[in-house]
Engineer: 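Below you'll find the structure I mean.
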Amino acid sequence: MNLPRLAASALGAVLLGGCVPASPDADTYDDKAALTLGSAVSEARTVERVLDTLYDGRMLRPAAVTQLRYSEDALDTATGAFTELNPPPSRDRLNRRTTTLLGDAGDLLAQARIAIERERVGDYTTIADDLARLAERMEKLEGRTR
Amino acid sequence: MKKLFAVALGILTAVGGFVDIGDLVTNATVGSRFGMSLAWVVVAGVIGIVVFAEMSGRVVAVSGRPTFDIVRERLGPRVGLANLFGSMAVTLLTYTAEIGGVALALELATSVWSYFWIPFTAAAIWIVLWRAKFDLVENTFGLLGLALVVFSVALWHLGPDWGDLWHTASTAAKPAAEPWPSYWYYAIALFGAAMTPYEVFFFSSGGVEEGWSEKSVPVMRSNVFIGFPLGGLLSLSIAGAAAVTLLPAGIEVETLSQVSLPVALALGKVGLAVAILGFFAATFGAACETGLSVGYSIAQYFGWQWGKFVRPRDAARFHAVLLLSTVTAAVVLLTTIDPILVTEFSVVFSAVALPLTYLPILIVANDPAYMGAHKNGWLANTFGSIYLVIVLAASLAAVPLMIWTKLGTT
């Protein structure tokens, strides 16, 4: 094969590779799961603190709304990057548990956003407690996966 | 009394103007991931910027000309052009990050999407650069930037275990879970944030704007030797507040609102409002400085009339560059690129471009033809040479580490 054809083939492979979901090996998949769970823990704990401080009257509402928006975006991005991976068969259980926890985190962040939007102050502590428990579960799974 | 006031004002504006979006984000990120284990980098960065800003200020005070005007004359147009390209690209990137930082601060204050604020922010900065007097820009935003002292108050109020913080800082003991490549990547980012090239561009050209002479050297030195280290303490406070509140919770800083979270936790609404004011002032002030730095460098290289000490119509090309760079920065941000990501790139590429800025200063500051009796002494040369080695090492390692660690995420 001459050089231009080789270069074209390599470029094609790279471009095509970018359009196909990745199928990582088990170790890489574990790393990705741990990284995604770490990001989710970060967002859950951030929103938990935002709700706590908002409940205590120590947080400005615009700042809380802004943080909620960013946390939801960050979680969506992390979740999307993880769920588009093809898990190795040996990691089906990890895949199920991680995606369930990420889904729960997404639901709670959405609940937090709605509660703040509607100024349902009574819900803040409940959602914050739920987020704290969820963050703990995600942290445990992250620890086991690393 | 008037001189004392000038010294005090200079020191205060140096403190308030020391922190910009790069310092805010990088220090908080490092504090939330590595605790105080990278505090030594802030100290090293502050000493480095003090060494080179003093040299640069002395060159201006003695020669009455900005440093890079002399660089082109002393080292020739080719070296000058390489310097211009490298430093300009980084300064424009930093300008973009600062404008994004102002928009993020306004978003925090209003909850209105940051991209909405970008055109207004860019227009406001351009109007200030066009119309406002140099002293007014420097002093107003420098003094308002002192609002960031709220991070030191917050850290104090949080009542941390000072012994533990000191132990982590003095032993550089990183958290076990963090890999060494990421540790060194953030060390370079922190170094780049403390020693951004635009600071020297602005400092030296600002000296010409303010008409420095040999008599100004003591005042310039007091600003540098007192103001910059106090500014460094602000940086350490931001990292410390994040280390105390965010690190134990597993929160990694990715947004400006997470940077401010420790202040809200410690001081509530009032503290948070002061922090947001500080964000706004620090980023707006730095945006003006970086914007001017872009104009200064290009106009000085091509020998155009420049500066705010002449009317805009007398420095039309200089003001055209300011307008063009402001529009470019705004357009880049309006592609909806994350301003925090731009900030991360700007601090890393600052580290890459550092030798282009600092080697010429060292050469000019040693040239008796320009400096006469004020050329570098042994102390300035010792520190200058040590830092040149450090700056070269950081420059060479920055991009490989950025790729290896995927921007510090692994």
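Naming: A, B, ... by sequence-line order, numbering from 1 per chain.
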Engineer: Quick one: pull up CD in Glu43(A) and CD in Glu252(B) and give me the separation to the nearest 0.5 Å.
Structural biologist: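 The distance works out to 9.0 Å.
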Engineer: Of all the heavy-atom pairs spanning Ala63(A) and Leu272(B), show the shortest one and how long it is.
Structural biologist: CB-CD2, 4.0 Å
Engineer: Is it the side chain or the backbone of Thr255(B) that comes within 4.5 Å of chain A heavy atoms, both, or neither?
Structural biologist: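 Thr255(B) touches chain A through side-chain heavy atoms alone.
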Engineer: For residues Glu254(B) and Ser42(A), determine if any side-chain heavy atom of one lies less than 4.5 Å from a side-chain heavy atom of the other.
Structural biologist: no
Engineer: Just one of Asp338(B), Leu256(B), Leu104(B) clears the side chain to side chain contact (heavy atoms under 4.5 Å, CB included) bar with Tyr70(A), so which one?
Structural biologist: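 Result for side chain to side chain contact (heavy atoms under 4.5 Å, CB included) with Tyr70(A): Leu104(B).
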Engineer: Counting only heavy atoms from other residues, nucleotides and ligands, does the tally under 6.0 Å from OH of Tyr115(B) exceed 12?
Structural biologist: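 Yes, OH of Tyr115(B) has more than 12 neighbouring heavy atoms, counting only those of other groups under 6.0 Å.
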Engineer: Using non-hydrogen atoms only, which part of Ala177(B) is less than 4.5 Å away from chain A: side chain, backbone, both, or neither?
Structural biologist: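 Contact with chain A involves no heavy atom of Ala177(B) at all.
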Engineer: As an exercise, state the distance from CD1 of Ile251(B) to OG of Ser39(A), rounded to the nearest 0.5 Å.
Structural biologist: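 It comes to 12.5 Å.
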Engineer: Given that the side chain runs from C-beta out, which part of Ala264(B) has a heavy atom under 4.5 Å from chain A: side chain, backbone, both or neither?
Structural biologist: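 Both parts, backbone and side chain.
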Engineer: Counting only non-hydrogen atoms closer than 4.5 Å, does Leu246(B) touch chain A with its backbone (N, CA, C, O), its side chain (CB onward), both, or neither?
Structural biologist: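 Nothing of Leu246(B), per the 4.5 Å heavy-atom cut-off to chain A.
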Engineer: Please state whether the side chain, the backbone, both or neither of Thr409(B) comes within less than 4.5 Å of a heavy atom of chain A.
Structural biologist: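 Contact with chain A: backbone only.
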Engineer: With a sphere of 6.0 Å drawn around CH2 of Trp162(B), does it hold more than 12 non-hydrogen atoms of other residues, nucleotides or ligands?
Structural biologist: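 Counting other residues, nucleotides and ligands, CH2 of Trp162(B) exceeds 12 neighbours.
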Engineer: To check you understand the geometry: which heavy-atom pair defines the closest contact between Ala249(B) and Arg45(A), and what is its length?
Structural biologist: O-NH1, 2.8 Å
Engineer: Under a 4.5 Å heavy-atom cut-off, does chain B meet the side chain of Arg69(A), its backbone, both or neither?
Structural biologist: side chain
Engineer: Shortest non-hydrogen contact from Lys269(B) to Met59(A)?
Structural biologist: CE-O, 3.4 Å
Engineer: Is it the side chain or the backbone of Leu261(B) that comes within 4.5 Å of chain A heavy atoms, both, or neither?
Structural biologist: side chain
Engineer: Against chain B, label Thr46(A) side chain, backbone, both or neither, depending on which of its atoms sit under 4.5 Å from a heavy atom there.
Structural biologist: both
Engineer: Could you report the tightest heavy-atom contact between Ser111(B) and Pro62(A), atom names first, then the distance?
Structural biologist: CB-O, 3.5 Å
Engineer: Under 3.5 Å, is there a donor-acceptor pair between the side chain of Arg58(A) and the main chain of Leu265(B)?
Structural biologist: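 Side chain of Arg58(A) to backbone of Leu265(B): a pair is present.
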Engineer: Which atoms of Val112(B) come close to chain A, meaning under 4.5 Å heavy atom to heavy atom: side chain ones, backbone ones, both, or neither?
Structural biologist: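 Just the backbone, heavy atoms under 4.5 Å.
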Engineer: Roughly how far, to the nearest 0.5 Å, is OG of Ser257(B) from CG of Leu60(A)?
Structural biologist: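 Leu60(A) CG to Ser257(B) OG: 12.0 Å, rounded to 0.5 Å.
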